[in-house]
Amino acid sequence: MKNTLPAVGERLVVHGLRQNAIVKSVEWDLDRSDWKITLDWGIFGNSRVWMHDENNVWFRWSSSN
């Protein structure tokens, strides 16, 4: 069963980083055939992760605490 997409505003934890990020947007990337999740790190800017990397590169806040 595939995981559901994270909601805008949901907190995510990226492997190896202490602070958590907030989901800014979730968009389908046709070239990669995957969901691109843009993260807001506050004063540290934005980054992105891919849906297929869940539980490998990034985790949902609720599953990590």
Side-chain angles (χ1 to χ4, degrees):
M1 180 175 118
K2 289 248 181 197
N3 291 330
T4 59
L5 294 172
V8 171
E10 186 175 345
R11 293 189 294 178
L12 300 183
V13 177
V14 176
H15 181 71
L17 299 176
R18 292 182 144 213
Q19 61 271 52
N20 57 66
I22 304 296
V23 176
K24 185 175 182 179
S25 67
V26 180
E27 304 167 4
W28 179 252
D29 186 302
L30 189 58
D31 294 333
R32 291 187 60 138
S33 297
D34 197 2
W35 290 97
K36 179 173 82 171
I37 304 163
T38 303
L39 302 175
D40 180 1
W41 295 92
I43 64 171
F44 301 110
N46 298 322
S47 66
R48 57 116 180 99
V49 292
W50 299 97
M51 185 64 189
H52 75 267
D53 287 327
E54 182 173 10
N55 297 322
N56 186 22
V57 172
W58 65 272
F59 306 86
R60 294 172 195 262
W61 177 258
S62 61
S63 68
S64 67
N65 58 6

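Just the heavy atoms: all of them, side chains too, but no hydrogens, waters or symmetry mates, feed the values below.
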Item checked: Shared hydrophobic cluster for Leu12 and Val14 (ILVMFWY, side-chain gaps under 4.5 Å) -> yes
Notebook entry, point to check: Taking a hydrophobic cluster as the set of Ile, Leu, Val, Met, Phe, Trp and Tyr residues connected by side-chain heavy atoms closer than 4.5 Å, whether directly or through intermediates, do Leu5 and Ile37 fall within one such cluster?
Noted result: yes
Checklist line | Heavy-atom side-chain proximity of Glu10 to Trp61 below 4.5 angstrom | finding: no
Margin query: For a 4.5 angstrom cut-off between non-hydrogen side-chain atoms, does Glu54 reach Arg60?
Written below: yes
Item checked: Gap separating the CG atom of Asp29 from the CH2 atom of Trp35, nearest 0.5 angstrom ->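 Nearest 0.5 Å value for the CG-CH2 distance: 10.5 Å.
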In a table with atom names and distances, give each donor-acceptor pair under 3.5 Å that connects a side chain of residues 43-53 to protein atoms at least two apart or in another chain.
residue : atom : partner : partner atom : Å
Ser47   : OG   : Trp41   : NE1          : 2.7
His52   : ND1  : Asp34   : OD2          : 2.3

Show me the side-chain donor-acceptor pairs of residues 17-28 shorter than 3.5 Å, one per line, residues at least two apart or across chains.
residue : atom : partner : partner atom : Å
Ser25   : OG   : Thr38   : OG1          : 3.3

